[in-house]
Amino acid sequence: MSITVLIAEDDPAMRRVLRKVAEENADVRVVGEAADGMDALALFKTLRPQVVFIDIDLPGKNGVTLAREIFAIDPRAQFVFITAFDQYREEAFDVYACDYLVKPFKIQRLRQTLDRLRSLLSSQATHQASPGMSHLPDIPAGALYMFRTGTTTTVLPIKDIVFISREGRKTVVYHTGGRLETGENLNTLAAQLGGYPFLRTHKGFVVNLQMVREILPAGRNTFEIVMANVEDKRPLLTREKYREMEQALKGNRPR
């Protein structure tokens, strides 16, 4: 598959480096460059790239603000922050950044990020090509999952997982007995738990469909999901994933 990239960076020399490394790969195509946040937003609306390289300290519009506005347009967009400032890391991961590179960084580090993006986007394309999760097997009812929690490992019955969310730099697992924090990557957990009843409803959430109780509007293109067993937090659902949820639930009705 081809990966399209937009570069939002005010330093011309850094833009050249990013373009050169990205285009070492035959399947990566840089479709646009912008030197300020306003131009980057306009280019994103026109070009709709899959990946955006974003400098935090952009003129016209801060890089984190730019990422939030792009995310509102397309929750599937992948962000790689490239900046001289380490202190914005938590804000960047709040908008589900794929990576955060602090200048100066090694070129190999950027190549590793591109490899990870390739794997992630390829997995998403496979998932979208098979609506209703029909390509994935149901998870066995008695299955267990081991979560790394600091220096220990917590084992949970998979059926007890309500949903998983990305919160700052942590991944949080909400389950019928409470919640636990793990350093494991949400994308990795989404792939490993792939199969009914789990669905990636939003960039920041993986939901157990058997725990869904209500779906409430939360904006023009977003919904909130009321879940069983968790009262103080609601996962988000994009309009695109709403249709996928419908198909998944229809495909798994009792016969």
Return each pair, listed once, that meets ring-ring contact (aromatic ring centres under 6.0 Å, His included) where at least one residue sits in residues 209-230; pairs must be two or more places apart or across chains. Phe223-Tyr242
For Asn187 and Arg116, which I'm curious about, is there any donor-acceptor pair between the side chains at under 3.5 Å? no
Would Ser2 and Asp27 count as having a side-chain donor-acceptor pair, cut-off 3.5 Å? no
If we only count heavy atoms from C-beta on, is the Ile225 to Arg234 side-chain gap below 4.5 Å? no
Could you go through the side chain to side chain contact (heavy atoms under 4.5 Å, CB included) check for Val5 and Val31 one step at a time? CA-CA 6 Å; Val5 175; Val31 294; over 6 Å; no
Please check if the number of heavy atoms outside Gln108 that lie under 6.0 Å from its CD is greater than 12. yes
Taking side-chain contact (heavy atoms from CB on, under 4.5 Å) as the criterion, tell me which of Thr201, Leu199, Leu237 meets it with Val207. Thr201
Under a single-linkage definition using a 4.5 Å side-chain heavy-atom cutoff for Ile, Leu, Val, Met, Phe, Trp and Tyr, are Val226 and Phe163 assigned to the same hydrophobic cluster? no
Donor-acceptor under 3.5 Å (Thr182 side chain, Arg148 main chain): yes
Tabulate below the donor-acceptor pairs under 3.5 Å that side-chain atoms of residues 36-44 make, not counting sequence neighbours, or state none.
residue : atom : partner : partner atom : Å
Asp36   : OD1  : Met38   : N            : 3.0
Asp36   : OD1  : Asp39   : N            : 2.9

Between the side chain of Thr188 and the main-chain N/O of Glu184, is any donor-acceptor distance below 3.5 Å? no
Centroid-centroid distance, Phe198 to Tyr196, less than 6.0 Å: no
Using 30° and 60° as the class boundaries, would you call the ring planes of Phe205 and His202 parallel, tilted or perpendicular? perpendicular
Side-chain heavy atoms of Leu58 within contact of Leu66, under 4.5 Å: yes
Atom NZ of Lys103 with >12 non-hydrogen neighbours under 6.0 angstrom: yes
Could you check if a side-chain atom of Leu156 sits within less than 4.5 angstrom of a side-chain atom of Ile158, using non-hydrogen atoms only? no
Heavy-atom closest pair, residues Thr4 and Gln50: N-OE1, 2.8 Å
Return the set of residues passing side-chain contact (heavy atoms from CB on, under 4.5 Å) with Arg16 (not counting sequence neighbours), or none when no residue passes. Pro12, Ala13
Establish, from distance only, whether the side-chain atoms of Glu167 and Ser165 form a donor-acceptor pair under 3.5 Å. yes
Test your reading of the model: is there a side-chain donor-acceptor pair from Asp160 to the backbone of His175, 3.5 Å cut-off? no
Only residue of Ile82, Asn62, Asp10 satisfying side-chain contact (heavy atoms from CB on, under 4.5 Å) with Asp55 is Asp10
Using a distance-only test with no angle check, is there a side-chain donor-acceptor pair under 3.5 angstrom linking Arg111 and Asn25? no
Can you see which heavy atom on Phe81 is nearest to which on Ile56, and at what distance? CD2-CD1, 3.4 Å
Tell me, with the steps shown, if Thr176 and Asn229 meet side chain to side chain donor-acceptor pair (under 3.5 Å). CA-CA 6 Å; Thr176 55; Asn229 301 297; 5.9 Å; no
Tell me, do Leu110 and Phe105 make a side-chain contact under 4.5 Å, heavy atoms counted? yes
Would you name the heavy atoms of Thr171 and Arg166 that are closest together and state the gap between them? OG1-NH1, 3.3 Å
Verdict with reasoning, Arg15 to Glu33, per salt bridge (charged side-chain N to carboxylate O under 4.0 Å, His left out): CA-CA 8 Å; Arg15 288 202 304 273; Glu33 296 182 13; 3.2 Å; yes
Evaluate the criterion salt bridge (charged side-chain N to carboxylate O under 4.0 Å, His left out) for residue pair Glu23 and Arg29; output intermediate values, then yes/no. CA-CA 6 Å; Glu23 294 187 339; Arg29 184 164 56 95; over 6 Å; no
Over all heavy atoms of both residues, which pair between Leu216 and Glu214 is shortest? Give the atoms and the distance, please. CD2-OE2, 4.0 Å
